[in-house]
Amino acid sequence: MDEIEIVVAHRQRTTLRVGDLFLKADAHPTRTAVEVRAMALAPVPTPKVVWHQPPVLAIAAVPGRALGVLGEPSPASSAAWAATGAAVRRLHDAPLPPWPGVPLDDVRAELDRECAWLLDHEVVPADVVRLNRDIAEAALRPRPPAFVHGDLQLTHVFVEGDEVVGVIDWSEAGPGDPMADLATLTLGHEERLDDLLDGYGPGADRDVIRAWWSLRSLVASRWLIEHGFDPDAPGCELDVLRARAREAGDGRQGGTR
C-alpha cells in the first residue's frame, strides 16, 4: 500500500480506500447497519464485509470496473448491460427485506420541497421544473414494492467482460419501486435502456422509468450543489431535466396541431 485514497468525502459520508479495503464512515446511525443486512440478503454479487463497527464499515474491493460514469458514454457492452438487467431482476424478485421502505407521501413531500427550492433559486427555468414535476407524478402512484437497491447508480455496478461481479453501496436498500432502480441505472444513459430491459425481462414500465428520471433529477440537484458536485455537467441531472422538458414541450405542441 502506497497511499490512502479519498473516494468520497462530504458532511454525510466519507469513504477511504486503503489497499484492497474500503472504509466507510456514515453520519447516519443506521445506514451502515442497513448496508450489511441488505448485502447478506441480496441474491447478487456484493462486497465481502471485513468488519463492521458502527458507524464504520470495512468492505473488500470488488473486481472489475464500474458500468460507467454519469456524463460519459458507458464503456460496457450491450451484453454487460443485459447481464446487469438480469441481476437487478433477481434482486427485485427476491423476498422483501424486513424493514420499511420510504412512504410515498414522504417521496411526494421531498419532491415538492426540492421543486420549490429549484424555483426559488432559479437553478433552471421555471417551465423546466414544472414540466418535470408533471412527468414525475407517474412515479408517485402506488405499486407493489420489491427489494430495491435504492441508489443503483451505474458507478455502483461492477462488471468483468459481460458479467456482473459486484454491486456496492447498499445503504438505501429496502422495499420500494423497482422502476426507480432501473431509472437510476439509466439516468443520463437513456440509450442503454433497451439493453438493460433485454436482460431484465417483462414487467418494466417505461413511462414510470421516465418519470423517475425526472423525479430523481429534481430531488438530487440541490444536494449535489450543496455538497460540491455539479449537476449541470454535460449529461448530468440538469441536462436530464432539460431533455425531459423539451420532450414534454414537443409532445404538447404536437397535440395541438
Side-chain angles (χ1 to χ4, degrees), residues 6-16 22 24-32 34-35 38 55 57 66-72 101-126 128-137 139-140 148-157 167-174 176-177 179-190 209-245:
I6 300 173
V7 180
V8 174
H10 50 72
R11 292 192 300 271
Q12 293 183 359
R13 185 176 304 151
T14 298
T15 301
L16 304 176
F22 285 87
K24 303 178 67 173
D26 200 301
H28 194 281
T30 63
R31 272 198 291 249
T32 55
V34 166
E35 185 158 3
L57 171 63
L67 199 61
V69 177
L70 188 60
E72 299 178 10
V102 180
L104 269 182
D105 286 347
D106 290 359
V107 177
R108 184 185 297 274
E110 182 183 21
L111 174 61
D112 289 340
R113 184 168 60 249
E114 296 307 316
C115 286
W117 187 90
L118 292 171
L119 290 169
D120 288 345
H121 290 78
E122 300 180 343
V123 175
V124 288
V128 171
V129 176
R130 294 185 179 116
L131 285 167
N132 277 279
R133 176 61 184 84
D134 289 345
I135 296 168
E137 188 64 29
L140 299 173
V148 300
H149 180 280
D151 189 25
L152 198 58
Q153 303 176 49
L154 70 172
T155 53
H156 293 165
V157 178
V167 181
I168 66 171
D169 285 2
W170 291 82
S171 61
E172 307 296 328
D177 183 353
M179 298 304 103
D181 274 351
L182 299 176
T184 303
L185 259 175
T186 52
L187 183 76
H189 290 79
E190 293 90 342
I209 291 170
R210 292 186 179 94
W212 276 106
W213 286 339
S214 292
L215 192 154
R216 183 174 175 90
S217 297
L218 289 167
V219 167
S221 292
R222 173 165 52 154
W223 187 95
L224 292 166
I225 291 168
E226 291 181 344
H227 287 80
F229 300 98
D230 184 9
D232 203 19
C236 294
E237 285 79 4
L238 298 187
D239 260 3
V240 171
L241 292 177
R242 296 185 191 99
R244 301 279 75 75

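Counting from 1, the numbers follow the sequence of the chain as shown. Nothing here was measured: the structure is a model prediction, and the numbers come from that model.
The two residues Phe22 and Val7 come nearest to each other via the heavy atoms CE2-CG2, 3.8 Å. Looking at every heavy atom in both residues, Leu131 comes nearest to Ala245 through CD1-O, 3.6 Å.
Salt-bridge check for Arg242 with Asp239: passed, with a basic side-chain N closer than 4.0 Å to an acidic carboxylate O. A salt bridge does not link Arg222 with Glu110: every distance from a Lys NZ or Arg NE/NH1/NH2 to an Asp or Glu carboxylate oxygen is 4.0 Å or more. A salt bridge links Asp151 to Arg216: at least one charged side-chain nitrogen sits closer than 4.0 Å to a carboxylate oxygen.
Here the CZ-CD distance, from Phe229 to Glu237, works out to 10.5 Å after rounding to the nearest 0.5 Å. Taken to the nearest 0.5 Å, the CZ atom of Arg244 stands 7.0 Å off from the CD1 atom of Ile135.
The aromatic rings of Trp223 and His10 lie perpendicular to each other, with more than 60° between the two planes, well past the 30° mark.
Put simply, the side chain of Asp181 never gets that close to the backbone of Val148: no donor and acceptor are under 3.5 Å apart. Checking side-chain atoms of His28 against main-chain N and O of Arg13 turns up no donor-acceptor pair under 3.5 Å. For the pair His189 (side chain) and Glu72 (backbone), a donor-acceptor distance under 3.5 Å is present. Here the side chain of His156 pairs no donor or acceptor atom with the backbone of Leu67 at under 3.5 angstrom.
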